[in-house]
Amino acid sequence: MSLKGKTAIITGGSQGIGRGIAQVFAAKGANLVIAARDAATGEAFVAELRDSGAQAIFAQTDVARKADAATLAQTTLERFGQIDVLVCNAGAFWEQPLETMSEDDWDKIHNVNLKGTFLCIQAVLPAMKARKSGRVILTSSITGPLTGMSGFAHYGATKAGQNGLMRSAALELAPWGITINSVMPGNILTEGLAGLGEEYLAKMSAAIPLGKLGAPADIGGAMAFFAGDEAAWITGQTLVVDGGQTLPEG
Ligand code: NAP
């Protein structure tokens, strides 16, 4: 599954799952554009990627802003000349019971997770359509499309929404040779997940048949499959990567 010579944008690529995806893609020879808001973290990671031999740049981006998404696509084209892969991975999550959930909670999480996905896809389409080729891969979740979690109704709605967006987009983009698929991670040990607390991590890790939380590179492997030539005829599909967490009946 070589990605040699392919240019991939990874939103939320500066830490957590996005960082793992970037490391796997770099090892497979991809050129990388790491997009996130915090420049210090992003630039430091890009320096690491370059030290390991990869071609990589950081593009400061808030995916919830249309102008930022457009600049991200433009910056990628200026540096690498093409956009082969877009990974829509930037996301936010926090616990908030429905009764105390503010409109701001609801809007913020939708703006990053769902609107951000739409805006970034829209921004890369002219370049992908012009070459009649492209891969879009979304980081959805098991939470929402498959499972529920108390306190995460706003988050689950966005993650199920990404898969809904993905299926219609797959039909719309197929005539241009552009595929779009979705990876649905279970509980992956990232900075963001650690923020939910030790008790949460212990409870989740005990619920996983394979015996431990996932690592960002586990999601990177699934993403590399969808980005590679081997997946050229797969579109509109989802892949659960959860260590078996969603399997037990009781
Ligand atoms: P994380 O550790 O909190 O990292 C989030 C990344 O997204 C950071 O790079 C962050 O950088 C970036 N980001 C956040 N808001 C952004 C915005 N408005 N514009 C651009 N970048 C933004 O989270 P994670 O655990 O790696 O999660 C990554 C994705 O996986 C999310 O979509 C999440 O829903 C999904 N997911 C995670 C798990 C899990 O167990 N960890 C499970 C299922 C799905 P800046 O703050 O610098 O912008």
Side-chain angles (χ1 to χ4, degrees), residues 9-24 32-46 58-72 75 86-95 107-120 123 137-149 152 154-163 165-166 182-197 200-201 203-205 207-208 212-220 222-223 238-243 245-246:
I9 296 173
I10 302 175
T11 71
S14 60
Q15 68 172 46
I17 289 177
R19 186 181 163 93
I21 297 167
Q23 286 166 333
V24 172
L32 294 166
V33 179
I34 304 298
R37 292 164 306 171
D38 182 63
T41 315
E43 293 287 8
F45 179 47
V46 159
F58 174 71
Q60 191 169 32
T61 309
D62 181 345
V63 295
R65 293 166 50 97
K66 188 178 166 88
D68 282 20
T71 304
L72 172 62
T75 304
L86 167 69
V87 178
C88 293
N89 168 81
F93 46 91
W94 61 89
E95 186 173 355
D107 290 345
K108 267 191 186 147
I109 219 159
H110 276 74
N111 284 344
V112 179
N113 298 4
L114 195 48
K115 185 176 159 192
T117 298
F118 150 63
L119 290 176
C120 289
I137 315 165
L138 312 184
T139 308
S140 173
S141 177
I142 56 171
T143 311
L146 279 184
T147 64
M149 193 152 61
F152 287 85
H154 55 344
Y155 175 76
T158 65
K159 293 288 142 177
Q162 282 182 301
N163 286 354
L165 182 163
M166 183 266 298
S182 166
V183 175
M184 295 159 66
N187 281 273
I188 310 298
L189 189 51
T190 64
E191 293 88 333
L193 200 79
L196 299 179
Y200 175 92
L201 296 183
K203 197 169 76 177
M204 285 305 159
S205 132
I208 297 171
K212 57 177 180 182
L213 297 168
D218 293 322
I219 304 306
M223 292 275 176
T238 56
L239 178 60
V240 173
V241 183
D242 72 346
Q245 188 177 342
T246 50

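In each ligand, atom 1 is the first atom listed, and ligand 1 is the first ligand listed. Note that the structure is a prediction, hence the values are computed from the model and not measured.
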Can you check whether [X] has an N/O within less than 3.5 Å of an N/O in ligand 1?
X	answer
N187	no
I17	yes
N113	no
S141	no

**Fill in**
Contact region, R19 to ligand 1, non-hydrogen atoms below 4.0 Å, reads neither
**Item:** ligand 1-proximal atoms of A92, by part, heavy-atom distance under 4.0 Å
**Value:** neither
**Message:** For the CG atom of L193 and the CE atom of M204, what is their distance to the nearest 0.5 Å?
**Reply:** 8.5 Å
Option nearest [atom] (shortest heavy-atom distance, choices [options]):
atom	options	result
atom 35 (C) of ligand 1	T139, T158, I142, L201	T139
atom 21 (N) of ligand 1	G192, G186, A90, G16	A90
atom 11 (O) of ligand 1	A36, G91, C120	A36
atom 34 (O) of ligand 1	W94, F93, Y155	Y155
atom 32 (O) of ligand 1	I21, I188, T117, N89	N89

Taking only heavy atoms of [X], which atoms of ligand 1 are found under 4.0 Å from at least one of them?
X	answer
T61	19 (N), 20 (C)
G12	6 (C), 7 (O), 9 (O), 12 (C)
K159	31 (C), 32 (O), 33 (C), 34 (O)

**Asked** What heavy-atom pair brings N163 and S182 nearest, and what distance separates the two atoms?
**Response** OD1-OG, 2.7 Å
**Request:** For G16 and P216, work out which heavy atoms get closest and say how close.
**Result:** O-CB, 3.4 Å
**Asked** Going by the angle between their ring planes, with limits at 30° and 60°, are H154 and F152 parallel, tilted or perpendicular?
**Response** tilted
**Item:** Test item: F93 and L196 side chains (from C-beta on) under 4.5 Å apart, heavy atoms
**Value:** yes
**Prompt:** Can you find a side-chain donor-acceptor pair between T71 and D68 that sits under 3.5 Å?
**Reply:** no
**Message:** Is it true that Q162 and N113 share a donor-acceptor pair across their side chains at a distance under 3.5 Å?
**Reply:** no
